[in-house]
Amino acid sequence: AWLDASGAQRLQPRLLPQVSPLVSMFGSLDCTEPLDERSAALERLGLFEAASQFLSESGRRNPCVLTLDDLHWADGGTLALLSFVAAELRHARVLIVATSRTPLTAEKEAFRHAHRYDLHPLSDEDVAEYCRAVLGEAEPSAALCAALQRASAGYPLFLEEALRAVLAQHPRSAVASLDASQIAPGRHALELLRARFSELPSATRDALACASVIGENVELAEIGRAHV
């Protein structure tokens, strides 16, 4: 759940006493001089225990949920903290929900207490359900849902962008009966993909350009022949 400004102000007096030990510990860390291995381990253990205690105390007062998004960007220290906290809080009233685009196979030990759920791209039926929720009473056609599924590849963010682009150009009441040819990926989705592709090596970009022309299902051999 998200807090607005007034909610954050009401919560602040209750959180400050619990957060203070963590803030104090961060402030007391001396980063000017390198620590020997034993001292660094003790500093880290103290920080991990303070974080665990903070969450445990929070859960003792009220059940709470800690959400960590984009965990695939986390460094080793963050994953080590998460592993420690998750083990310590197994019997606390604290739920940790973490999302990652890629499997964290290198850190299996860190998530030995976790339940894993693999989320697959949205199907045509899922897209139809989303469209009904957004469009209201209008029933989207099967062709429209299939076109939106293709334009978004079933990814919720891209689906939201594609439908938002359509709603910006057409009345809500007319969207459900639109021709499938009028559906295209959203601008934000295209910009996001272009930004990702721009970071790839030129040879990889050339291969992806060939694949985009060949079709959705591409064999490496086909790309190789296209380069000849």
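Residue indices begin at 1 and follow the sequence shown. Values in this document were obtained by computation on a predicted structure and should not be read as measured data.
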Contacts of type salt bridge (charged side-chain N to carboxylate O under 4.0 Å, His left out), residue Glu191, not counting sequence neighbours: Arg187
Trace of the side chain to side chain contact (heavy atoms under 4.5 Å, CB included) decision for Leu167 with Val134: CA-CA 10 Å; Leu167 288 170; Val134 173; 3.9 Å; yes
Gap separating the CG atom of Leu135 from the CG atom of Leu144, nearest 0.5 angstrom: 7.5 Å
Counterpart residues, side-chain contact (heavy atoms from CB on, under 4.5 Å), relative to Leu95 (two or more places apart): Val65, Val97
Side-chain hydrophobic cluster, 4.5 Å single linkage: members besides Tyr117: none
Residue pairs passing the salt bridge (charged side-chain N to carboxylate O under 4.0 Å, His left out) test where at least one lies in residues 156-171, sequence neighbours excluded: Glu160-Arg164, Glu161-Arg164
Which atom of Pro140 lies closest to which atom of Arg132, heavy atoms considered: CD-CG, 3.7 Å
Inter-residue atom distance Asp126.CG - Leu148.CG, 0.5 Å rounding: 13.0 Å
Contact check, side chains of Leu66 and Leu68, non-hydrogen atoms, under 4.5 Å: yes
Residue pairs involving residues 85-100 (criterion salt bridge (charged side-chain N to carboxylate O under 4.0 Å, His left out); sequence neighbours excluded): none
Distance, nearest 0.5 Å, that separates OH of Tyr155 from CD of Gln149: 10.5 Å
Exercise: identify the closest heavy-atom pair between Val85 and Ile96: CG1-CD1, 4.0 Å
Validation row: Phe197, Thr204 side chains within 4.5 angstrom (heavy atoms): no
Backbone of Trp73 reached by a side-chain donor or acceptor of Asp70 within 3.5 Å: no
Nearest non-hydrogen partners of Ser58 and Cys64, listed with the distance: CB-SG, 4.2 Å
All salt bridge (charged side-chain N to carboxylate O under 4.0 Å, His left out) counterparts of Asp118, not counting sequence neighbours: Arg116
Closest non-hydrogen atom pair between Cys145 and Val127, with its separation: O-CG1, 3.7 Å
Pairwise side-chain contact, Pro156 with Leu122, heavy-atom cut-off 4.5 Å (strictly under): yes
Arg205 CZ to Arg194 CZ distance, which is reported to the nearest 0.5 Å: 13.5 Å
Side chains of Glu129 and Glu125 in contact at under 4.5 Å (non-hydrogen atoms): no
Flag if over 12 foreign heavy atoms under 6.0 Å of CD, Glu49: yes
Nearest-0.5 Å distance that lies between atom CG in Leu82 and atom CG in Leu71: 6.0 Å
Approximate separation, where rounding is to 0.5 Å, of Phe158 CZ and Leu163 CG: 15.0 Å
Non-hydrogen atoms of Ser52 and Leu89 that approach each other most closely: O-CD2, 3.7 Å
